[in-house]
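What follows is a short report on a single structure.
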Amino acid sequence: MFMGTILTRIETDEKIVALTFDDGPLPVHTDEVLRLLAENDIRATFFVIGKDAERHTNELQSIVDAGHAVGNHSYTHSAMVFMPPNQVANEIEATDAVIRAAGYLGVIPFRAPYNLKFVALPFYLARHNRPDISRDVLVQEGTERTANAIAAEVVEKVQPGSIVLLHPMYDHTASSRAAIPLIVQELKNQGYQFVKIPELLEIAGS
């Protein structure tokens with residue numbers, strides 16, 4: 001398929017959900033997110049920006065060592081619309097190389113910056129049999145939102161096979177970090193299990 005595959009969620013009756021984080025890794029907040037996930041005994045998927053991962057190798061290594069999945073969110077986080085094919089390839093392959101250098105051996109899922117893709121990017125992804133991992137649960141984040149409000153909205157929107165997207169790596173998204181344990185505990189109470197994106201892809205393909 002020329003335009004490639006876009007995955008927002010998978011069709012399933014099983015109560016599974018994938019928690020994903022975009023951007024970074026950045027100092028301080030990466031460790032905080034990893035601590036919250038460890039305390040709640042779940043694994044997530046971190047879609048990292050290549051230049052940040054290259055700059056903050058200790059944080060990337062901590063994500064890998066903790067057993068989380070690492071995704072590719074491009075090297076520069078530029079909008080990949082009308083981007084020349086060679087630049088598209090460089091954005092993706094340079095980030096893959098940084099992730100592999102950290103010893104990550106799993107499938108590297110890809111997510112387009114700003115959820116924008118046109119012409120060269122979809123063609124590249126289709127040619128490499130690589131889906132674009134989108135999301136079906138996206139909420140407003142930032143200093144104007146409380147952790148309780150974010151968690152409540154996420155929980156309300158989740159359904160079996162959902163992909164949740166948060167941006168917890170920044171100073172101004174402290175409420176997103178605080179929402180993580182609230183989201184996890186409520187969804188666990190509802191019988192959900194948390195899976196990483198490569199696991200979700202396996203289920204989708206079975």
Side-chain angles (χ1 to χ4, degrees), residues 8-9 17-80 91 95 98-99 102 108-116 132-158 162-188 192 194-197 200:
T8 56
R9 60 176 291 270
V17 59
L19 185 59
T20 72
F21 306 124
D22 275 10
D23 303 346
L26 300 175
V28 182
H29 299 318
T30 299
D31 289 342
E32 184 180 353
V33 172
L34 290 174
R35 176 181 58 79
L36 291 168
L37 295 173
E39 289 173 353
N40 288 274
D41 192 27
I42 69 163
R43 300 293 181 270
T45 303
F46 290 75
F47 284 90
V48 301
I49 298 171
K51 65 179 183 179
D52 289 336
E54 196 167 46
R55 186 179 301 122
H56 305 298
T57 55
N58 288 341
E59 285 73 20
L60 176 61
Q61 192 67 59
S62 293
I63 293 170
V64 173
D65 291 345
H68 300 286
V70 183
N72 182 326
H73 200 33
S74 81
Y75 190 81
T76 63
H77 202 268
S78 301
M80 300 176 80
E91 286 277 341
T95 304
V98 172
I99 293 169
I108 303 176
F110 175 82
R111 175 176 280 159
Y114 310 106
N115 200 36
L116 297 174
D132 176 40
I133 307 300
S134 188
R135 71 289 181 272
D136 68 321
V137 180
L138 177 69
V139 301
Q140 184 181 353
E141 301 173 78
T143 54
E144 69 278 7
R145 299 298 306 279
T146 66
N148 285 333
I150 291 172
E153 186 176 354
V154 168
V155 169
E156 181 183 5
K157 291 181 175 180
V158 163
S162 279
I163 299 173
V164 178
L165 168 57
L166 291 173
H167 299 79
M169 291 293 173
Y170 300 105
D171 290 342
H172 71 277
T173 56
S175 55
S176 294
R177 294 189 293 278
I180 292 171
L182 303 178
I183 293 166
V184 171
Q185 288 307 312
E186 180 55 34
L187 290 177
K188 281 185 174 181
Y192 277 90
F194 287 82
V195 298
K196 298 178 285 188
I197 289 296
L200 203 68

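Quick caveat, the model's predicted, so the values are computed rather than measured. Starting from 1, each residue takes its place in the sequence as its number.
Using a distance-only test at 3.5 Å, with no hydrogens or angles considered, a donor-acceptor pair links the side chain of His68 to the main chain of Ala44. Looking only at distances, a side-chain donor or acceptor of Thr173 sits under 3.5 Å from a matching main-chain atom of His167. Using modelled atom types, one side-chain atom of Asp136 and one backbone atom of Ile163 make a donor-acceptor pair closer than 3.5 Å. Judged by distance alone, with hydrogens and angles left aside, the side-chain atoms of Arg43 form a donor-acceptor pair with the main-chain N or O of Ala66 at under 3.5 Å. Listed for the Asp132 side chain is a donor-acceptor partner under 3.5 Å among the backbone atoms of Ala112. Distance alone, capped at 3.5 Å, places no donor-acceptor pair between the Glu186 side chain and the Val155 backbone. Remark: the backbone N or O of Asn40 is paired with a side-chain donor or acceptor of Lys188 at under 3.5 angstrom. When atom types are taken as modelled, the side chain of His73 and the backbone of Arg111 share a donor-acceptor pair closer than 3.5 angstrom.
With sequence neighbours left out, the side chain to side chain donor-acceptor pair (under 3.5 Å) criterion links Thr30 to no other residue. Partners of Gln140 according to the side-chain contact (heavy atoms from CB on, under 4.5 Å) rule, which considers only residues two or more places apart in sequence or in another chain, are Glu144, Arg145.
Legend: salt bridge (charged side-chain N to carboxylate O under 4.0 Å, His left out) pairs involving residues 65-78, not counting sequence neighbours: none detected.
Nearest heavy atom pair, residue Ala18 against residue Ile197, reads CB-CD1, 3.8 Å.
No hydrogens or angles considered: a donor-acceptor pair under 3.5 Å links the side chains of Thr76 and Glu91.
The aromatic rings of His172 and Tyr170 lie parallel to each other, their planes meeting at an angle below 30°, with 60° marking the opposite boundary.
Counting only heavy atoms from C-beta outward, the side chains of Tyr114 and His77 approach each other to under 4.5 Å.
The one candidate from Thr20, Ile42, Leu19, Thr45 that meets the side chain to side chain contact (heavy atoms under 4.5 Å, CB included) condition with Lys196 is Thr45.
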